[in-house]
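Input: a single structure, listed below in structure tokens.
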Amino acid sequence: MNIPKITAAHYSKGRGGHKPRLIVIHTMETPESPARAKQVATWFAGHTAPQASAHYCVDDKQIYECVDEADTAWAVDDFDLNQQSISIELAGSASQTFPQWNDLYSHKQMILVVALVADIAKRNGIPLARVSGADILTKSGICGHVDITMAKAIKGGHTDPGKNYPYTALIERAKAIK
């Protein structure tokens with residue numbers, strides 16, 4: 001995949017001896033709009049960037065790499081799990097309904113995300129399977145930021161990508177091209 005890069009301001013070099021075992025899906029908590037991936041990647045890279053980052057930002061037309069996969073993005077509220085995961089930020093919000101995750105914008109975004117997830121999983125030996133709950137701490141696969149919040153009992157933690165995110169479609173489509 002030929003993915004442009006806009007390097008985030010905040011991340012940690014290396015992975016502390018860990019190999020990626022989780023692909024974590026996040027939402028940007030932004031409207032689904034044109035050039036959103038570039039906008040958020042640029043924000044991660046800017047002087048006013050939050051103490052946060054992700055490996056990739058994806059909208060309906062483009063993927064941007066913000067942190068090299070060999071390095072640790074500051075994406076979830078647990079540094080150890082950050083070292084064990086590759087995080088993907090999607091344009092959209094955790095409050096999206098099932099129909100909103102199936103609109104034209106999300107359909108185009110899904111095509112890009114499926115290819116990215118299949119590629120990441122293949123290169124890192126990550127199973128194309130959903131993991132949640134306490135399994136987050138020991139098993140490998142695909143999860144949402146919310147799953148880490150729940151597994152680690154983080155008060156006031158994240159709920160993204162939301163209860164309506166189509167994990168099944170993502171995983172089935174990624175398996176079809178793996």
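All residue numbers in this chain count up from 1 along the given sequence. For clarity, every value in this text was computed on a predicted model and none was experimentally measured.
Two residues are said to be in side-chain contact when any heavy atoms from C-beta on lie closer than 4.5 Å; His107 and Met110 fail this criterion. Looking at Ile88 and His55, their side chains never come closer than 4.5 Å, going by heavy atoms from C-beta outward. Put simply, the side chain of Ile136 does not reach to within 4.5 Å of the side chain of Met150, judged on heavy atoms. By the 4.5 Å heavy-atom criterion applied to side chains, Leu90 and Tyr165 are counted as neighbours. Side chains of His158 and Asp77 form a contact here, defined as non-hydrogen atoms less than 4.5 Å apart. In this structure the side chain of Leu137 reaches within 4.5 angstrom of the side chain of Lys152, judged on heavy atoms. Between Pro161 and His26, every side-chain heavy-atom pair lies at or beyond the 4.5 Å cut-off. Using a 4.5 Å cut-off on side-chain heavy atoms (C-beta onward), Pro50 and Trp74 make no contact.
Side-chain atoms of Lys38 never come within 3.5 Å of backbone atoms of Tyr64 as a donor-acceptor pair (strictly under, hydrogens ignored). Listed for the Asp71 side chain is a donor-acceptor partner under 3.5 Å among the backbone atoms of Gly14. Of the possible donor and acceptor atoms, one in the side chain of Arg21 sits under 3.5 Å from a partner among the backbone N and O of Lys139. Side chain of Ser140 to backbone of Pro127: no donor-acceptor contact under 3.5 angstrom is found. Under a 3.5 Å cut-off, the side chain of Asp119 and the backbone N or O of Leu116 do not form any donor-acceptor pair. A side-chain donor-acceptor contact under 3.5 Å links Ser106 to the backbone of Gln100. Under the 3.5 Å distance criterion, the side-chain polar atoms of Arg15 are matched with a main-chain donor or acceptor of Glu69. Looking only at distances, a side-chain donor or acceptor of Asp59 sits under 3.5 Å from a matching main-chain atom of Ala37. In terms of modelled atom types and a separation under 3.5 Å, the side chain of Gln96 and the main chain of Ser93 share a donor-acceptor contact.
Open room surrounds NZ on Lys108; 12 or fewer heavy atoms of other groups in view lie less than 6.0 Å from it.
Counting all heavy atoms, side chain and backbone alike, Ser53 lies closest to Ala73 at OG-CA, 3.5 Å. For Cys57 against Val40, the heavy-atom pair with the smallest separation is SG-CG1, 3.8 Å. Ala91 and Tyr105 get closest at one heavy-atom pair: CB-OH, 3.4 Å. Between His18 and Asp80, the shortest heavy-atom distance links the atoms NE2-OD1, 3.1 Å. Closest non-hydrogen pair, Ala115 versus Ile177, comes out as CA-CD1, 3.7 Å.
Taken together through direct or relayed side-chain contacts under 4.5 Å among Ile, Leu, Val, Met, Phe, Trp and Tyr, Val114 and Ile126 form part of one hydrophobic cluster. Under the 4.5 Å side-chain contact rule for hydrophobic residues, Phe79 and Val24 do not share a cluster. Both Val76 and Val131 are assigned to one and the same hydrophobic cluster, defined by single-linkage of ILVMFWY side chains at heavy-atom distances under 4.5 Å. Residue Ile171 is grouped with residue Tyr56 when hydrophobic side chains (ILVMFWY) are merged at heavy-atom distances under 4.5 angstrom, including chains of intermediate members. Ile86 is not connected to Tyr11 by any chain of hydrophobic side-chain contacts under 4.5 Å among Ile, Leu, Val, Met, Phe, Trp and Tyr, and they are in different clusters.
In this structure, OG1 on Thr168 lies 11.0 Å from CZ on Arg173, to the nearest 0.5 angstrom. Here the straight-line distance linking atom OG1 of Thr30 with atom CH2 of Trp43 works out to 10.0 Å at 0.5 Å rounding. Atom CD1 of residue Ile111 and atom NZ of residue Lys61 lie 11.5 Å apart, to the nearest 0.5 angstrom. Separation of atoms CD (Glu32) and CD (Gln109) is listed at 6.0 Å; rounding is to 0.5 Å. Separating the CD atom in Gln84 from the CG atom in Leu22 is a distance of 7.0 Å, to the nearest 0.5 Å. Taking CG of Asp160 as the start and CD1 of Ile148 as the end, the distance is 9.5 Å to the nearest 0.5 Å.
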Intermediate values then yes/no, side chain to side chain contact (heavy atoms under 4.5 Å, CB included), Cys66 and Glu89: CA-CA 10 Å; Cys66 303; Glu89 287 276 356; over 6 Å; no

